[in-house]
Trainee: 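Quick one: the structure is below, questions incoming.
Since the structure is predicted, the reported quantities are computational estimates derived from the model, not experimental observations.
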Amino acid sequence: MKLITSIFFVLLFIGVQAQLKLIDPLHPGADFNNTTITVSGVPADNDLEFPLSVINTSTENYTIKCRRTEVDVLAGTTNSTCWVVCPPDVNAGDYPVMVIGQNGVEYDYSLAPGDTAIGFLAHYGPHNIDGCSLFKYEFFDAADPNTALGTVYGRFVHNVSTSCTAALTEMSKVNFSIYPNPASDQLNVEVDLKNVDVKIIDMLGKTVLTAVNVNNSTKINLMDLNNGIYFVSVLDKGTVLKTEKLIVKH
């Protein structure tokens, strides 16, 4: 049986004042924006989950979408994120970054000032694997996908005999840069690590380009990509270390 054992109120970054309040619908007193929620269980659990209600605390009308990122997720597990509607489960690694939706349609929720959305529920299936996984969930306005109005991390712990190593690896001090941005025909990637992989992922979570065994720097040809917004992730042994947004404009 799942159990939310602890909630760590850790400020993950300093930025503009949050425009959304993220609360537990059953215990609405605390704002979980910029925190990590830990859900504990055992490997045999069928499903670990946690809900959120999203409140528009601004004076603006928003059309909110949700983006899920696999920060440090175990292979062999599955996950799904309900936002308005619940899509099917996906396998870990199939969609490292995805805007929640299905069949190319991104789900959204219209929020006027003061309105509350109650359609968020993060699901995770351990599938008898011992360990833990970490996800990031960002809520943004459809008109500005580059700006997260609310962010929460979800840490699912199901370890019995092994240590649980999933951590905020994305926040580690990895020197990772991409340029130019916006980019047209070619992207330069620089990272202060060796033998890492670089993936370019579209807004639907599909990996469109991959560079493997990168040592410090590489160049990626973008000529076959359509204009739009992408995410560039650097991975070490399958773990996402850092992600940057990329605009392709030919």
Side-chain angles (χ1 to χ4, degrees), residues 1-13 15-41 45-58 60-73 77-90 95 97-102 106-126 132-142 144-145 147-158 166 168 170-171 205:
M1 182 177 180
K2 71 181 181 67
L3 175 65
I4 299 180
T5 56
S6 58
I7 301 168
F8 300 100
F9 291 83
V10 179
L11 184 62
L12 301 177
F13 56 86
V16 297
Q17 184 178 2
Q19 301 299 299
L20 300 177
K21 184 177 182 180
L22 311 179
I23 66 170
D24 180 344
L26 300 179
H27 304 90
D31 185 357
F32 296 153
N33 204 349
N34 299 335
T35 70
T36 299
I37 296 176
T38 297
V39 184
S40 296
D45 282 335
N46 181 59
D47 184 49
L48 302 178
E49 62 183 38
F50 70 88
L52 284 176
S53 292
V54 180
I55 303 173
N56 183 0
T57 57
S58 77
E60 303 292 329
N61 291 304
Y62 290 131
T63 300
I64 298 297
K65 296 184 178 183
C66 179
R67 179 168 51 240
R68 189 274 289 136
T69 300
E70 295 180 349
V71 178
D72 188 358
V73 177
T77 63
T78 58
N79 64 88
S80 66
T81 307
C82 300
W83 179 240
V84 184
V85 180
C86 292
D89 289 348
V90 297
Y95 299 95
V97 182
M98 65 180 299
V99 176
I100 304 307
Q102 187 179 359
E106 298 176 356
Y107 301 155
D108 58 53
Y109 202 120
S110 297
L111 281 179
D115 281 355
T116 300
I118 58 173
F120 178 90
L121 186 64
H123 290 277
Y124 174 80
C132 55
S133 292
L134 182 71
F135 297 82
K136 179 170 69 173
Y137 305 91
E138 299 172 284
F139 301 89
F140 61 92
D141 182 41
D144 184 9
T147 302
L149 302 175
T151 301
V152 69
Y153 282 78
R155 192 169 186 260
F156 297 93
V157 179
H158 44 97
L168 297 179
E170 190 186 41
M171 306 306 294

Trainee: Is the side chain of Asn33 donor-acceptor paired with the backbone N or O of Leu20 at a distance under 3.5 Å, no angle test?
Mentor: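 The answer is yes, because a donor-acceptor pair under 3.5 Å joins these two groups.
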Trainee: Would you say Leu149 and Glu60 make side-chain contact, with heavy atoms under 4.5 Å?
Mentor: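 No, their side chains stay 4.5 Å or more apart.
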Trainee: Going by atom types only, do Ser133 and Tyr124 share a side-chain donor-acceptor pair under 3.5 Å?
Mentor: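 Yes.
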Trainee: For the atom pair OG1 (Thr36) and CZ (Arg155), what is the distance rounded to the nearest 0.5 Å?
Mentor: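 Thr36 OG1 to Arg155 CZ: 8.5 Å, rounded to 0.5 Å.
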Trainee: Is a side-chain donor or acceptor of Thr57 paired with a backbone partner of Gln19 at a separation under 3.5 angstrom?
Mentor: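 Judged by distance alone, yes, a pair lies under 3.5 Å.
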Trainee: Judged by modelled atom types alone, do Ser80 and Asp89 share a side-chain donor-acceptor pair under 3.5 Å?
Mentor: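 Yes, Asp89 and Ser80 have a side-chain donor paired with an acceptor closer than 3.5 Å.
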Trainee: Rounded at 0.5 Å granularity, tell me how far CZ in Phe32 sits from CG in Leu52.
Mentor: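 Answer for the CZ-CG pair, Phe32 versus Leu52, is 7.0 Å.
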Trainee: For the atom pair OH (Tyr153) and OG1 (Thr38), what is the distance rounded to the nearest 0.5 Å?
Mentor: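 Separation between the atoms: 13.0 Å.
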Trainee: Roughly how far, to the nearest 0.5 Å, is the CG atom of Leu121 from the CZ atom of Phe50?
Mentor: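 Those atoms lie 8.5 Å apart.
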Trainee: Less than 6.0 angstrom from the centroid, inside 45 degrees of the normal: does Arg67 satisfy that with respect to the ring of Phe140?
Mentor: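 Judged by the rule (NZ or CZ under 6.0 Å from the ring centre, within 45° of its axis), Arg67 counts as positioned above Phe140.
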Trainee: Considering all heavy atoms of both residues, which atom of Asn46 and which atom of Pro126 are nearest to each other, and what is their separation?
Mentor: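 Between these two residues, the closest heavy atoms are O-CD, 4.3 Å.
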Trainee: With no hydrogens and no angle check, do the side chains of Tyr107 and Gln102 hold a donor and an acceptor under 3.5 Å apart?
Mentor: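 The answer is yes; a qualifying pair exists.
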Trainee: To the nearest 0.5 Å, what is the distance between CD1 on Ile118 and CG on Asp115?
Mentor: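 That separation rounds to 11.5 Å.
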Trainee: Got a second to check how far Asp24's CG is from Ser53's OG, nearest 0.5 Å?
Mentor: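 OG of Ser53 is found 8.0 Å from CG of Asp24.
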Trainee: Any non-hydrogen side-chain atom of Phe120 less than 4.5 Å from a side-chain atom of Ile100?
Mentor: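 A side-chain contact under 4.5 Å is absent here.
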Trainee: Could you tell me whether the side chain of Asn79 and the main chain of His123 form a donor-acceptor pair under 3.5 Å?
Mentor: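 Answer holds: no.
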Trainee: Identify the two heavy atoms, one from Pro113 and one from Ser58, that lie closest to each other, and give their separation to 0.1 Å.
Mentor: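 Smallest heavy-atom distance, with atoms named: CB-O, 3.3 Å.
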Trainee: Counting heavy atoms not belonging to Asp144, are there more than 12 under 6.0 Å from its CG?
Mentor: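 Above 12, so yes.
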Trainee: Counting the benzene-type ring for Trp, do Tyr62 and Phe139 have ring centres under 6.0 Å apart?
Mentor: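 When the ring centroids of Tyr62 and Phe139 are compared, they turn out to be at least 6.0 Å apart.
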Trainee: How are the rings of Tyr109 and Trp83 set to each other: parallel, tilted or perpendicular (split at 30° and 60°)?
Mentor: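 Correct class here is tilted.
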Trainee: I'd like to know if the side chain of Asp47 reaches the main chain of Gly125, judged simply by a donor and an acceptor atom lying under 3.5 Å from each other, with no hydrogens or angles considered.
Mentor: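 No; judged by distance alone, with no hydrogens or angles, the pair does not exist.
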